[in-house]
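Read the structure below first, then the notes.
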Amino acid sequence: EVQLVESGGGYVHAGGSLRLSCALHGFTFESWGVGWFRQAPGKEREGVVCFSSPDTTTYYVDSVKGRFTVSSDSANNLVYLQLDSLEPKQTAVYFCATRPFYLCVADGVFSDAMSYWGKGTPVPVSP
């Protein structure tokens with residue numbers, strides 16, 4: 001059974017940093033794509049980052065370029081999202097999701113492209 005578990009969220013002040021982790025349990029595919037999504041209070045979920053393995057293709061939505069960095073430890077089925085220079089408007093629950101054999105595309109990362117989802121980790125950013 002495939003399970004995704006996010007961790008690393010928590011309260012942070014504006015300007016601070018966090019590193020989120022996404023553990024892909026029970027995942028045995030050699031090729032996969034992982035998307036990071038977020039849902040702010042009262043807003044729809046949006047895709048912010050995509051990472052695919054083993055080609056290491058990445059995608060960042062414009063609003064997070066230069067602030068968020070995705071990386072992976074493929075041997076251990078871990079994907080990380082480094083969040084730097086956080087702002088209160090980035091307060092959200094952050095989710096990771098995956099789909100076997102998915103390659104990131106240049107025009108976005110889309111919820112309906114994903115097969116498996118984690119339950120999310122909250123990132124409240126205070127002023």
Side-chain angles (χ1 to χ4, degrees):
E1 180 184 1
V2 174
Q3 284 189 321
L4 274 64
V5 180
E6 303 94 337
S7 61
Y11 288 95
V12 62
H13 291 295
S17 298
L18 286 174
R19 189 176 81 157
L20 307 183
S21 298
C22 174
L24 284 65
H25 297 292
F27 206 74
T28 60
F29 300 96
E30 295 182 355
S31 169
W32 43 263
V34 165
W36 283 97
F37 299 79
R38 65 186 177 189
Q39 187 164 19
K43 295 188 176 181
E44 294 186 355
R45 185 169 56 194
E46 65 166 336
V48 292
V49 174
C50 185
F51 176 88
S52 55
S53 177
D55 61 309
T56 68
T57 300
T58 58
Y59 163 85
Y60 296 90
V61 71
D62 285 346
S63 61
V64 307
K65 286 180 180 177
R67 295 176 181 268
F68 291 4
T69 306
V70 67
S71 61
S72 74
D73 175 359
S74 297
N76 292 299
N77 280 355
L78 291 166
V79 179
Y80 303 105
L81 186 63
Q82 178 70 33
L83 313 178
D84 293 320
S85 302
L86 282 163
E87 301 174 298
K89 65 180 180 181
Q90 291 162 334
T91 291
V93 177
Y94 285 73
F95 301 86
C96 65
T98 191
R99 174 179 166 181
F101 309 111
Y102 181 77
L103 296 179
C104 298
V105 296
D107 58 348
V109 53
F110 306 103
S111 298
D112 57 5
M114 299 293 147
S115 302
Y116 303 98
W117 288 82
K119 294 182 178 180
T121 185
V123 178
V125 184
S126 61

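Each residue takes its place number in the sequence, starting with 1.
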Who pairs with S126 by side chain to side chain donor-acceptor pair (under 3.5 Å), at least two apart in sequence or on another chain? H13
Minimum-distance pair of heavy atoms, taken over all atoms of Q90 and S85: OE1-O, 4.0 Å
Check for me, please, whether V2 and W32 land in the same ILVMFWY cluster - side-chain distances under 4.5 Å, paths through other members count. yes
Taking C-beta and beyond as the side chain, do L83 and V12 meet within less than 4.5 Å on heavy atoms? no
With a cutoff of under 4.5 Å between side-chain heavy atoms, which Ile, Leu, Val, Met, Phe, Trp and Tyr residues group with Y80? L78
Measure the spacing between CG of L86 and CZ of F68 and express it to the nearest 0.5 Å. 5.5 Å
Going from CG on L81 to OG1 on T121, what distance comes out if it is rounded to the nearest 0.5 angstrom? 11.0 Å
Can you list, pair by pair, the side-chain donor-acceptor contacts under 3.5 Å of residues 56-63, counting residues two or more places apart and other chains?
residue	atom	partner	partner atom	Å
T57	OG1	D55	OD2	2.2
Y60	OH	V70	N	2.9
D62	OD1	K65	NZ	3.0

Atom CG of L103 and atom OG of S53: how far apart are they, to the nearest 0.5 Å? 10.5 Å
Sequence neighbours excluded, the answer for salt bridge (Lys or Arg N to Asp or Glu O under 4.0 Å) partners of K119 is none
Keeping the roles fixed (side chain from S21, backbone from E6), state whether a donor-acceptor pair exists under 3.5 Å. no
Assess the residue pair F27 and V34 against the criterion (side-chain contact (heavy atoms from CB on, under 4.5 Å)); give the C-alpha distance rounded to whole Å, side-chain angles, the decisive distance to 0.1 Å, and a yes or no. CA-CA 12 Å; F27 206 74; V34 165; over 6 Å; no
With a 4.5 Å heavy-atom cut-off, do Q82 and S17 have their side chains touching? yes
Residue pairs involving residues 86-127 (criterion ring-ring contact (aromatic ring centres under 6.0 Å, His included); sequence neighbours excluded): F29-F101, F37-W117
Can you tell me how far the NE2 atom of H25 sits from the CG atom of L4, to the nearest 0.5 Å? 8.5 Å
Spatial distance of atom CZ (R67) from atom CD (E87) [nearest 0.5 Å]: 4.0 Å
For a 4.5 angstrom cut-off between non-hydrogen side-chain atoms, does R38 reach V64? yes
Residues in side-chain contact (heavy atoms from CB on, under 4.5 Å) with S115, at least two apart? R99, P100
Gap between atom CH2 of W36 and atom CG of L20 - 0.5 Å precision: 5.0 Å
Would you call V109 and M114 a side-chain contact if the rule is heavy atoms closer than 4.5 Å? yes
